[in-house]
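Structure record follows, encoded as structure tokens.
These values consider heavy atoms only, across backbone and side chains, with no hydrogens, waters or symmetry-generated copies.
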Amino acid sequence: GDGTEHCPNGDIYQGQFAEDVRHGRGVYKFWDSASEQHVLEYRGEFAADEPHGRGTLTSASGQVVYSGEWRQGVPADAQQQQHTQQAVPE
């Protein structure tokens with residue numbers, strides 16, 4: 001079902017849950033204790049408690065940091081780049 005989770009570190013999640021984990025569509029706001037504000041916001045799909053599927057990460061000023069596919073909490077482009085780098089012999 002839908003709900004809100006207030007994390008001990010100040011992060012907030014609002015969205016869908018399945019079996020007590022973030023799963024489905026939701027919004028996750030990342031808290032920065034140094035500036036005492038939410039500095040990043042992920043809006044999109046979750047699976048097994050992590051951003052997974054289509055989603056957008058934006059800064060507090062509204063600038064898009066990344067928009068596209070996510071896999072297990074990481075932008076899919078970054079994963080592809082990492083796999084490519086590992087496949088290149090040194």
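Looking at residues two or more places apart in sequence or on another chain, you find a ring-ring contact (aromatic ring centres under 6.0 Å, His included) between Tyr42 and Phe46, Trp70. Evaluation of the side-chain contact (heavy atoms from CB on, under 4.5 Å) rule for Ser33 yields Trp31 as partners, not counting sequence neighbours. Ser59 meets the side chain to side chain donor-acceptor pair (under 3.5 Å) test with Ser61; sequence neighbours excluded. Scored by the side-chain contact (heavy atoms from CB on, under 4.5 Å) test, Glu19 finds no partners at all (sequence neighbours excluded).
The side chain to side chain donor-acceptor pair (under 3.5 Å) analysis of residues 3-16, with sequence neighbours excluded, yields the pairs Glu5-Arg22, Asn9-Asp11, Asp11-Tyr28. Applying the side chain to side chain donor-acceptor pair (under 3.5 Å) test to residues at least two apart or on different chains, the pairs with a partner in residues 45-57 are Thr56-Ser67.
One finds the CZ atom of Arg25 at 11.5 Å from the CG atom of Asp2 (value rounded to the nearest 0.5 Å).
Of all non-hydrogen atoms in Arg71 and Ala76, the two that sit nearest each other are CG-CB, 4.2 Å. Across every non-hydrogen atom of Ala48 and His23, the tightest pair is N-ND1, 3.2 Å. Nearest heavy-atom pair, Val39 versus Ser35, reported as atom, atom and distance to 0.1 Å: CG1-OG, 3.7 Å.
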